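Every number for a ligand or one of its atoms is a count from 1 in the order of the listing. Bear in mind that the values here come from a model prediction, so they are computed numbers and not experimental data.
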Amino acid sequence: MSAQSDEETPHVEGTVTRSTGSWYEVQVGDRVIPSRVRGKFRLTRQDVTNPVAVGDRVTLRINDEDETGFITDIHARTNKLSRRAAGHRPGEEHVMVANVDRVWIMQSVKRPRFNPAFIDRLLVAAAVNDLPAGLIINKMDLMGPGEQPGVMDLHLRYDDLGYPVLPTSAAGGAGLERVREALTNQTSVITGPSGTGKSSLLNAIEPGLDVETGEVSDSTRKGTHTTTHAELHALSFGGYVVDTPGIREFGLRDVHPKDLAHFFPDLAPYVNACKFPDCTHDHEPGCAIKDAVDRGHVHPARYESYLHILQSLQNAEERRRPE
Ligand SMILES: Nc1nc2c(ncn2[C@@H]2O[C@H](COP(=O)(O)OP(=O)(O)O)[C@@H](O)[C@H]2O)c(=O)[nH]1
Ligand SMILES: [Mg+2]
Ligand SMILES: [Zn+2]
C-alpha cells in the first residue's frame with residue numbers, strides 16, 4: 001500500500017527522543033536522525049496537540065543524502081503521560097511521554113523537606129495514567145542517626161504496596177548501582193520537586209549526560225517551569241530516562257471523588273465492605289477503610305493523604321457545578 005517513493009529506501013524503526021515542534025529527533029541504534037512527520041498525522045488527530053510524542057516508537061524512511069528522516073508510521077502506545085494543554089489550545093491533550101515503563105517520584109531526606117503527601121498525590125496520578133511507580137529518596141547523606149527509623153517506616157509504607165523504594169545519595173554515590181539496575185532497558189520518568197537532586201542523580205549514574213544542575217533562584221524559576229518539552233536521554237547501559245518537572249496534576253482532576261480509593265492499593269481491598277455503597281470513607285458509619293486504619297492495617301498517613309486529595313477533588317467538583 002505504500003507509495004512508490006517509500007519503496008526506494010528501506011524503512012527502519014526508532015524511538016522519538018526529542019521534539020521541537022516540526023522536527024523530531026529519532027534514535028535508530030546509535031544514530032540520531034532529525035525527522036519530519038507526514039501531514040496526515042496532524043490532520044487525523046485533532047484532539048491531540050502533538051500527534052508524535054517523545055517516547056513514541058516510529059517507522060521512518062531515511063533520506064541518505066541529507067541524513068534526515070520521514071516518519072511514516074507511529075506504533076501503538078502501551079501508555080502515556082499526558083496533561084491538558086494550556087495556552088492557545090486549552091483542554092486539549094498534550095502527550096508528554098509515551099511508552100513509559102516506570103515513573104520514579106523523587107524526594108530528598110531534607111532540603112527541600114521530605115513530603116509524603118506529595119508522594120501520595122503523585123502515586124495516584126501515576127495510577128490514573130496506568131503507570132507503574134516507584135520512589136527515589138535522595139540526599140541520604142543528610143540524614144542524621146536519629147532519623148533512620150523514619151526511613152524504615154517509609155519502606156514498610158510503600159515497598160509493601162508494590163512501589164519499589166530506592167534510597168540514594170547522588171552526591172556521595174550511595175545506592176547508584178541499584179538505580180542503574182532499575183533503569184536498565186527501561187523508559188523511566190524521574191519527577192519530583194525542584195532541588196531534590198533529579199539532575200544530579202542522572203549525572204551521577206551517567207556522567208556523559210551533563211544535565212544542568214544547581215540551586216534555582218526564584219528569578220529564574222519562572223522560566224524553568226515553562227519547560228514542558230520532555231526529552232529522552234539515552235543511557236549507555238540501555239534504556240532511556242526523562243527528567244521532568246512535576247506530574248502532580250496529571251489526570252487527577254479527571255478522577256471522580258467516589259473512585260479515588262481505587263487508586264490507593266492499600267485502601268482498594270476494603271471499599272466493597274463499607275456499609276454504604278457510596279461511602280466516601282470520610283465521615284460515614286460502618287466504613288471498612290476507617291476500620292482498617294483503626295486496626296493498624298492501613299498507615300494513618302496514607303489515609304490522611306486520601307482525605308486530603310478527596311477534599312481537593314470535591315472542591316474542584318463544586319467549582320464546576322453550575323449554579
Ligand atoms: N547533600 C546532597 N546534596 C545533593 C544531592 N543530590 C543533589 N544535591 C544538591 O541539591 C541541589 C539541587 O540538585 P539538582 O540536581 O539541580 O536538583 P533538581 O532540581 O531536582 O534537578 C544541588 O545543589 C545539588 O548539588 C545529594 O545526594 N546530597
Ligand atoms: Mg533539574
Ligand atoms: Zn468507607
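- Residue Glu212 has no N or O atom closer than 3.5 Å to an N or O atom of ligand 1.
- Ring planes of Phe264 and Tyr306: perpendicular class, angle over 60° (limits at 30 and 60°).
- Atoms of ligand 1 found under 4.0 Å from any heavy atom of Thr213, numbered from 1 in the order shown, are 15 (O), 16 (O).
- At the Zn ion (ligand 3), the vertex angle linking SG of Cys287 with ND1 of His281 is 110° (nearest 10 degrees).
- Taking backbone and side chain together, Ser200 holds no N, O or S atom under 2.8 Å from the Mg ion (ligand 2).
- Nearest-residue assignment for atom 7 (C) of ligand 1 (options Ser200, Ala171, Ala170, Gly195; heavy-atom criterion): Ser200.
- Counting the atoms of ligand 1 from 1 in the order shown, those under 4.0 Å from a heavy atom of Asp141 are 1 (N), 2 (C), 26 (C), 27 (O), 28 (N).
- Without hydrogens or angle criteria, Glu317 side chain to Arg319 main chain gives no donor-acceptor distance under 3.5 Å.
- Considering both main-chain and side-chain atoms, Gly172 never comes within under 3.5 Å of ligand 1 through any nitrogen or oxygen pair.
- Interface atoms of ligand 1 facing Ser199, defined by a heavy-atom separation under 4.0 Å, are 15 (O), 21 (O).
- Distances below 4.0 Å separate heavy atoms of Ser194 from the following atoms of ligand 1: 19 (O).
- The hydrophobic cluster containing Phe237 also contains Val211, counting ILVMFWY residues as joined when their side-chain heavy atoms lie under 4.5 angstrom apart, directly or transitively.
- No more than 12 heavy atoms of other residues, nucleotides or ligands shown are found within 6.0 angstrom of NE2 on His308.
- Here the angle at the Zn ion (ligand 3) defined by SG in Cys279 and SG in Cys274 stands at 120°, rounded to 10 degrees.
- Every atom of ligand 1 is numbered from 1 in the order shown, and the set under 4.0 Å from a heavy atom of Leu142 is 1 (N).
- A chain of hydrophobic side-chain contacts below 4.5 Å, direct or via other Ile, Leu, Val, Met, Phe, Trp or Tyr residues, connects Val37 to Val28.
- Residue Asp56 is tested with Lys80, Arg77, Arg18 for a salt bridge (Lys or Arg N to Asp or Glu O under 4.0 Å); the sole match is Arg77.
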Exercise. Any chance you could lay out the salt bridge (Lys or Arg N to Asp or Glu O under 4.0 Å) test for Glu181 and Arg178, step after step, and finish with the verdict?
Key: CA-CA 5 Å; Glu181 266 168 40; Arg178 280 190 66 200; 6.0 Å; no

Quiz prompt | CA sep, side-chain torsions, deciding dist, call: Leu123, Tyr158, side chain to side chain contact (heavy atoms under 4.5 Å, CB included) | solution = CA-CA 10 Å; Leu123 288 176; Tyr158 294 106; 3.6 Å; yes

